[in-house]
Amino acid sequence: MEGYKSFLCFLACSLVLGFLAVLLALVWVFHWREGLGWDGGPAEFNWHPVLMIAGFIFIQGIAIVVYRLPWTWKCSKLLMKFIHAGLHCIALILVVVSLVAVFDFHNAKSIPNMYSLHSWVGLTLAILYAMQILFGLLVYLLPFAPLSLRKSLMPLHIYSGIFIFGTVIATALMGFTEKLIFSLKSPLYSTSPPEATFVNTLGFLILIFGAFVLWMLTRPQWKRPPETNSKLQPPPGETLDCTENESTATDCSNADKSDVEFNSEAAARRRKLDEAGQRSTM
Ligand code: HEM
């Protein structure tokens, strides 16, 4: 892989930032707020930022770069799809629990729902994310969609993935600001009390995490290399001409070819067996 050390550096920094963000969110809610609980009170609300950061930001961020980890390139594409989809599903579950927590808290305290820009954008993203996962499972994991459809929908899949991830980070930053404005009355947010500085720092770490993930995701040289073309058997009427590079983010050709579940290692092994067989008959 070209620039392997640099990739490792970005990955390590992203992992550290992601873990740190989840940890700092926990420190925030336990040290400055009411901790975690499920009683309709502020402790229930606190699940909202913690689970959004863990699921929608950290786990989603890892899920979208997982194909780029060079040590997974020897694994079959199908296995990588399961890991990619599995991480997204775990993230979605955390997102749903986090939303239930905030709606439940609002209802218990008779606070209106869905009045802020944060809530509009946030709910839209959660719905888009669920649709993106469903669409991904139907088109790319189940074996029914024809290769041509998989190929033509890949740019949309990639675009929505990047759009959702980037916008989730912006939404979290809106959420931090709102929460600090609502909760810091004395001393006021504008007087920069320690809690405000702490949460602003947390927001900044999340922003840098997002920037690193998007950098890894958009380097063409860090894409998972295509499987070997020569042995692929496309269904009648389909072609495996996946030479287009319409995106630098994810390799469409991989998505298509791998469904034929033909991996270069298997091909090499088979060739060796053939050769050994030929030799033994000589
Ligand atoms: C409320 C989504 C992160 C703070 C909401 C609501 C949604 C939402 C849909 C509306 C709940 C209702 O109306 O009952 C999201 C998404 C996030 C996210 C998708 C993904 C990152 C955060 C973070 C914080 C936060 C990190 C930081 C504390 C708030 C606050 C409310 C709220 C204070 C209540 C006020 C309001 O409705 O705007 N969120 N949220 N959110 N969220 Fe978030």
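Each ligand, and each atom within it, is numbered from 1 in the order the structure gives.
With respect to atom 14 (O) of ligand 1, the closest heavy atom belonging to the protein is N113 OD1, 2.4 Å. Nearest to atom 33 (C) of ligand 1 among the protein's heavy atoms is F45 CZ, 3.5 Å. Of the protein's heavy atoms, M114 N, 2.7 Å lies nearest to atom 13 (O) of ligand 1. Summary of contacts: the protein heavy atom closest to atom 38 (O) of ligand 1 is S116 OG, 2.4 Å.
Ring planes of F10 and F212: perpendicular class, angle over 60° (limits at 30 and 60°). Ring pair F198/W32 is tilted by interplanar angle, where 30° to 60° counts as tilted.
Figure legend: K77 and Y140 shown without cation-pi pairing, the cationic atom not lying both under 6.0 angstrom from the six-membered ring centre and within 45 degrees of its axis. Annotation: cation-pi geometry satisfied between K179 and F45 (NZ/CZ under 6.0 angstrom from ring centroid, within 45° of ring axis).
Looking at residues two or more places apart in sequence or on another chain, you find a side-chain contact (heavy atoms from CB on, under 4.5 Å) between P70 and M1, Y4, F7, W73. With sequence neighbours excluded, the residues that form a side-chain hydrogen bond (donor to acceptor under 3.5 Å, both in side chains) with E34 are N46.
Those atoms of ligand 1 with a heavy atom of L123 less than 4.0 angstrom away are 9 (C). Every atom of ligand 1 is numbered from 1 in the order shown, and the set under 4.0 Å from a heavy atom of F56 is 19 (C), 20 (C). Under a 4.0 Å criterion applied to the non-hydrogen atoms of V168, ligand 1 contributes the atoms 21 (C).
Heavy-atom separations between Y115 and ligand 1 include at least one value shorter than 4.0 Å. Judged by the shortest distance from any of its heavy atoms, W28 lies inside the 4.0 Å radius around the atoms of ligand 1.
Taking a 6.0 Å sphere around NZ of K185, one finds it holds more than 12 heavy atoms contributed by other residues, nucleotides or ligands. Within 6.0 Å of atom CZ in F135, more than 12 heavy atoms from other residues, nucleotides or ligands are found, so the atom counts as buried in its surroundings.
Among the atoms of H106, some N or O lies under 3.5 angstrom from an N or O of ligand 1.
Sorted by chain and number, the protein atoms of type N, O or S within less than 2.8 Å of atom 43 (Fe) of ligand 1 are H48 NE2, H118 NE2.
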Would you tabulate the side-chain donor-acceptor contacts of residues 15-29 under 3.5 Å, counting partners in other chains and residues two or more places apart, or write 'none'?
residue, atom, partner, partner atom, Å
W28, NE1, E195, OE2, 2.8

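F103 has its side chain within reach of N113: a pair of non-hydrogen atoms, C-beta onward, lies under 4.5 Å apart.
Among all heavy-atom pairs drawn from S14 and M216, the shortest one is OG-CE, 3.3 Å.
Contacts between L99 and ligand 1 below 4.0 angstrom, taking non-hydrogen atoms only, involve the side chain exclusively.
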